[in-house]
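A note on names: the letters A, B, ... follow the listed sequences, proteins ahead of strands, and every chain is numbered from 1.
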There are 2 protein chains.
Amino acid sequence: MYKKKIPIRTDCGLHVFKELLDGKWKLMLIYYISDGIKRPGALQKKISVDRRVMNKQLNELVQHGFVDKISFDSKIPKIEYMLTDLGTSLLPLIISLEQWGENNRAVLESAIEDKTERTANTPA
Amino acid sequence: MYKKKIPIRTDCGLHVFKELLDGKWKLMLIYYISDGIKRPGALQKKISVDRRVMNKQLNELVQHGFVDKISFDSKIPKIEYMLTDLGTSLLPLIISLEQWGENNRAVLESAIEDKTERTANTPA
DNA sequence: CCGTATCCGCCTTGATACTG
DNA sequence: CAGTATCAAGGCGGATACGG
C-alpha cells in the first residue's frame, strides 16, 4: 500500500493495524511462525516468496516487536524466529480474517473473473 | 498494496481478505457507512480523503458486493450507500482490528519515531 | 452536490547476483 | 543456509480541473 503522503493517522486503530501489518506476507509469516515453521528456508518454501521480500517483512516484524530473531552460532547458519507476546496477540485476529476469507472465497473469485472479462473487452 | 505479479492466491483466506479490502480507506468507509454516514459528502468530510480515491474504493466495494449504492433521482444529486449482508459480516472483524489498533497504538508511534531518527541520520 | 479524466510521485514487490 | 545490493515494473494514493 502507499500512504506516506498524508501523515499517518495514529488516531485510528484501523490505520495503526494497517501500518504495522500491511505487508503482503506479514500475517502469513506470523501465522506460520506460530505454527512451528520458524526457519527462513522453511518459511520461504512454504509461501514461495522472494527471499529479499521475506527478509524485509520479517525485519519489520522484528523491529515492531512482533517476532524475535534468534541466531544460533553454529558452523552452518541457523536462524529461528519466534513470536513475541505482541505477535501472539494477533493470532485470534489472523484466524478470524482467515476464516472470513475462507467463507467468502467465492466473492474474490468472481471479482477476478469480472476483471478478466473487462480486460478482455478493453480493446473494443 | 502491490501484488499482481504473482497470481492471486485464492487458496489462502488471508489473501482473499486482503485482495478485497486492502484499500487504504475501505474498512473505514464500511465502518462509517454502518455508523449512519451514508452520503459521499459526509464521508469525505469525515475522513478527509480525496474524492477520486474515495469513489474508487467505494466503487470497488460496490462491485465486490459489500455495499449498495442508491441514487435518489431528485433535482439535486443525492446518493446514499448502504451495507449489504456481506459488508455487515465484516463489522465484527473491523471492530476487532480497530480495538487491537487502539490497544497497540504505542507500537506504531515508536515505530514512526525510529523511522524519523533513521531518516535524520541518513545523510551522515 | 456528485463523479471522473489526467497527471504525478513513489513505495512495494519481485528477479538476479553476490557475500559471509 | 542466510542476507543484502542493485535493478526494474507497476499500482496506488493524491491533487487538480472539468463535466453532469
[X] versus [Y]: any side-chain heavy-atom pair under 4.5 Å?
| X | Y | value |
| --- | --- | --- |
| Cys12(A) | Glu98(B) | yes |
| Arg39(A) | Ile79(A) | no |
| His15(A) | Thr10(A) | no |

Show me the side-chain donor-acceptor pairs of residues 81-90 of chain A shorter than 3.5 Å, one per line, residues at least two apart or across chains.
{"residue": "Thr84(A)", "atom": "OG1", "partner": "Gly65(A)", "partner atom": "O", "Å": "2.6"}
{"residue": "Thr84(A)", "atom": "OG1", "partner": "Phe66(A)", "partner atom": "O", "Å": "3.0"}
{"residue": "Thr84(A)", "atom": "OG1", "partner": "Leu86(A)", "partner atom": "N", "Å": "3.3"}
{"residue": "Thr84(A)", "atom": "OG1", "partner": "Gly87(A)", "partner atom": "N", "Å": "3.1"}
{"residue": "Thr88(A)", "atom": "OG1", "partner": "Thr84(A)", "partner atom": "O", "Å": "2.7"}
{"residue": "Ser89(A)", "atom": "OG", "partner": "Leu86(A)", "partner atom": "O", "Å": "2.6"}
{"residue": "Ser89(A)", "atom": "OG", "partner": "Trp100(B)", "partner atom": "NE1", "Å": "3.1"}

Distance check needed: [N] [atom2] versus [X] [atom1], whole Å only.
| X | N | atom1 | atom2 | value |
| --- | --- | --- | --- | --- |
| Leu58(B) | dC1(C) | CG | P | 17 Å |
| Lys24(B) | dA15(D) | NZ | C1' | 14 Å |
| Ile8(B) | dG11(D) | CD1 | P | 12 Å |
| Gln57(B) | dG3(C) | CD | C1' | 15 Å |
| Met28(A) | dT13(C) | CE | P | 14 Å |
| Asp22(B) | dT13(C) | CG | P | 11 Å |

Ignoring hydrogens and angles, write down the donor-acceptor pairs under 3.5 Å from the side chains of residues 45-53 of chain B, residues two or more places apart or on other chains.
{"residue": "Asp50(B)", "atom": "OD2", "partner": "Arg52(B)", "partner atom": "N", "Å": "2.9"}
{"residue": "Asp50(B)", "atom": "OD2", "partner": "Val53(B)", "partner atom": "N", "Å": "3.4"}
{"residue": "Arg51(B)", "atom": "NH1", "partner": "Gln44(B)", "partner atom": "OE1", "Å": "2.7"}

Enumerate, atom names and distances included, each donor-acceptor pair closer than 3.5 Å involving a side-chain atom of residues 25-35 of chain A, sequence neighbours excluded.
{"residue": "Lys26(A)", "atom": "NZ", "partner": "Leu20(A)", "partner atom": "O", "Å": "3.3"}
{"residue": "Lys26(A)", "atom": "NZ", "partner": "Glu60(A)", "partner atom": "OE1", "Å": "2.5"}
{"residue": "Ser34(A)", "atom": "OG", "partner": "Tyr31(A)", "partner atom": "O", "Å": "2.7"}

Checklist entry - Of all the base pairs, Watson-Crick or G-U under 3.5 Å, which form stems of three or more consecutive pairs involving DNA chain D? => result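 Runs of three or more consecutive pairs: C:1-20 with D:1-20.
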
Item to check | Position toward the 5' end of DNA chain D (nearest nucleotide), Ile6(A) or Met54(A) | outcome: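 Going by which nucleotide is closer to the 5' end, it is Met54(A).
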
Checklist entry - Is the phosphate of dG14(C), meaning OP1 or OP2, less than 4.0 Å from a side-chain N or O of Trp25(A)? => result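 Trp25(A) to dG14(C) OP1/OP2: side-chain N or O found under 4.0 Å.
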
Checklist entry - Which nucleotide sits closest to the side chain of Tyr81(A): dG13(D), dG3(D), dC1(C)? => result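 Nearest nucleotide to the side chain: dG3(D).
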
Item to check | Proximity to DNA chain C (any heavy atom under 4.0 Å), residues of residues 38-46 of chain B only | outcome: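 Contacts with DNA chain C under 4.0 Å: Arg39(B), Pro40(B), Gly41(B).
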
Shorter than 3.5 Å, N or O on both sides, protein versus nucleotides 4-6 of chain C: list them out with atom names.
{"residue": "dT6(C)", "atom": "O4", "partner": "Arg52(B)", "partner atom": "NE", "Å": "3.2"}

